[in-house]
Amino acid sequence: MEILLVGLSHKTAPVDIREKISFSERNIGEGIRALVECPNVHEGTILSTCNRVEIFTAVSRKELEAARRVIAEFLADFHKVPLAELEPHLYFMSGEASVAHVFRVASSLDSMMVGEPQILGQIKEAYNFASKERATGEILNRLFHKAFSVAKRVRTETRIAACAVSISFAAVELAKKIFGELGGRTVMLIGAGEMAELAARHLMGSGVGRVVVVNRTLERAISLASAFTGEAASLDELEDRLAGADIVISSTGAPGFVIDREMVHRVLKKRKNRPMFLIDIAVPRDIDPEANNIGNVYVYDIDDLEGVVQANIKARTLEAAKAEEIIAGEVRQFIDWRRSREAFPTIVKLRNWAEDVRRAEVEKTIKKIGNLSDADARRIEAMTETILNKILHPPVSRLKRAAHRGEDGDLNEMVRKLFDLDE
């Protein structure tokens, strides 16, 4: 049995193609059932995210080429997309390449944002869907459980997910360096920009206590504040509200500074010199950079955050190299298991056939001789078992070696035919 992967991703297909063949929670069950009903497909799982659609199957090695075509046609037919439109974007992997790909995807090495944690949960969900439909068997069960453990190893043994590689994550990382724990801290959003909102969401996920939204239009402030169960205020209240804010994220479209050095100085006095962290992600800037010269005030603009992101991208590249080494070792182990499993049924059948022959002949011989002592009967048993093991040793060893090299297919078939093992 061979693992065959057919799919496309953000690396091979534009979003309009990915949209056309994506599976939803509503139709993925139907998709899995249709997949395993396809000719040559013995097991199947479908992974569908915004960045990839991938079909994982177990097929007979002899049916590999036919299965490639069948699965590509299944994708096109199920989503009513012409195969000619879809085919240029598809990739096909089998054997070691398909195993390595699954492990890399689960470990977030193939993601648009390397190290992002969401993909592992999406793979687990895809596997659970397939399991509920009884579409997986020994091969895919082993593959996915191994992928989960490999992803855990990568996250445990490398720092691939520890470095912020987006502006919003970088803001959170810097806030943690300044304050340590963020529990109980107050975040203020000035303006209602998308990037500021995203940074606030990450900060909320890190345990900040309260969010205040200040905007020129109060209605918009109220709308955004409700998303965080926070408070809203107009821009006229800015200075008064600043005194209660530990972390400030500003992203307005104002032509000049919204917060100048003198305002920060006055606010810090009201705060009794408690630290303030100000993130300016507006262009042109909202916060006077001179405020950074005031003690216990930390001002970062978009260029500062970009610097953090670029440094972290380099760090992730180094960690990704460590992760690739882990994956390479795990792939070898999985392939060894799969190859040894291929030869195992033939070896068992051969041994069982030979043992049946041996036992029948021993029983026939003992009856003919008659009046044998138990000790002599045991000697005959032992002698014939030794002869049997010595005769079987060369073919069994050859089958095992061929399996580890991935060359056991023809040999398996030959042994089965020679000894009528399938009769």
Side-chain angles (χ1 to χ4, degrees), residues 1-4 36-37 39-44 56-67 94-96 98-99 131 134-147 149 329-423:
M1 202 69 72
E2 192 68 88
I3 295 165
L4 172 64
V36 293
E37 286 172 6
N40 309 320
V41 175
H42 299 277
E43 302 177 33
F56 305 95
T57 58
V59 303
S60 167
R61 193 171 292 158
K62 289 182 177 180
E63 299 163 348
L64 192 58
E65 287 306 313
S94 59
E96 192 169 325
S98 62
V99 176
S131 295
R134 302 181 185 274
T136 62
E138 184 185 14
I139 299 294
L140 292 188
N141 287 341
R142 178 86 175 210
L143 176 69
F144 282 102
H145 282 287
K146 191 65 173 173
S149 68
E330 295 282 4
V331 168
R332 284 192 295 272
Q333 286 184 23
F334 184 88
I335 294 297
D336 284 347
W337 167 80
R338 189 184 60 74
R339 286 174 176 170
S340 63
R341 179 202 165 280
E342 295 279 327
F344 185 71
T346 301
I347 292 170
V348 169
K349 280 197 169 189
L350 180 61
R351 281 193 175 280
N352 289 342
W353 170 82
E355 175 60 20
D356 288 344
V357 172
R358 183 199 70 80
R359 189 180 296 113
E361 291 303 315
V362 166
E363 288 173 359
K364 195 186 301 181
T365 300
I366 289 174
K367 280 181 183 179
K368 283 182 180 178
I369 294 173
N371 298 320
L372 271 179
S373 67
D374 289 344
D376 285 338
R378 284 196 295 272
R379 288 188 186 100
I380 292 173
E381 285 278 351
M383 179 189 68
T384 55
E385 284 175 359
T386 301
I387 292 170
L388 179 65
N389 287 333
K390 286 185 175 181
I391 291 172
L392 289 182
H393 180 72
V396 168
S397 296
R398 184 67 183 270
L399 279 167
K400 287 180 178 178
R401 287 197 301 272
H404 281 289
R405 291 195 301 267
E407 301 167 354
D408 56 314
D410 292 340
L411 192 59
N412 265 325
E413 189 174 349
M414 187 186 302
V415 169
R416 285 172 176 270
K417 284 181 178 178
L418 278 171
F419 294 96
D420 284 333
L421 297 181
D422 293 322
E423 293 301 317

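From a predicted model like this one, the values you see are computed outputs, not experimental measurements.
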Going by the rule salt bridge (Lys or Arg N to Asp or Glu O under 4.0 Å), which residues pair with [X] if we only count those two or more places apart in sequence or in a different chain?
X	answer
Arg379	Asp376
Glu96	none
Asp356	Arg359
Glu330	Lys146, Arg153

| field | CA sep, side-chain torsions, deciding dist, call: Lys364, Glu361, side chain to side chain contact (heavy atoms under 4.5 Å, CB included) | value | CA-CA 5 Å; Lys364 195 186 301 181; Glu361 291 303 315; 3.4 Å; yes
Got a sec, which residues hit side chain to side chain contact (heavy atoms under 4.5 Å, CB included) with [X], two or more places apart in sequence or on another chain?
X	result
Leu64	Glu2, Leu4, Val59, Ser94
Arg378	Asp374, Ala375
Val362	Arg358, Ile366, Ile380, Glu381, Thr384
Lys367	none

| Main-chain N/O of Gly137 paired to Glu43 side chain as donor or acceptor, under 3.5 Å |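 Checking the backbone N and O of Gly137 against the side chain of Glu43, a donor-acceptor pair under 3.5 Å is found.
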| said: Tell me which pairs pass ring-ring contact (aromatic ring centres under 6.0 Å, His included) where either residue lies in residues 364-400, with sequence neighbours left out. | reply: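 Matches after skipping sequence neighbours: none remain.
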| request: Not counting sequence neighbours, list each pair that qualifies as a ring-ring contact (aromatic ring centres under 6.0 Å, His included) and has a residue in residues 349-377. | output: Trp353-Phe419
Closest approach of [X] to [Y] (non-hydrogen atoms, all atoms of both residues):
X	Y	result
Ile347	Leu399	CG1-CD1, 3.9 Å
Gly44	Leu140	N-CD1, 3.6 Å
Val36	Ala135	CG1-CB, 3.7 Å

| request: Check side chain to side chain donor-acceptor pair (under 3.5 Å) between Glu65 and all other residues, then give those that pass, not counting sequence neighbours. | output: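 Glu65: no side chain to side chain donor-acceptor pair (under 3.5 Å) contacts found.
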| said: Before you tell me yes or no, could you show the steps for Thr136 and Arg142 under side chain to side chain contact (heavy atoms under 4.5 Å, CB included), namely the whole-Å CA-CA distance, both residues' side-chain angles and the distance that decides it to 0.1 Å? | reply: CA-CA 10 Å; Thr136 62; Arg142 178 86 175 210; over 6 Å; no
| message | List the residues meeting ring pair (Phe, Tyr, Trp, His ring centres under 6.0 Å) with Phe144, not counting sequence neighbours, and say none if there are none. | response | Phe56, Tyr127
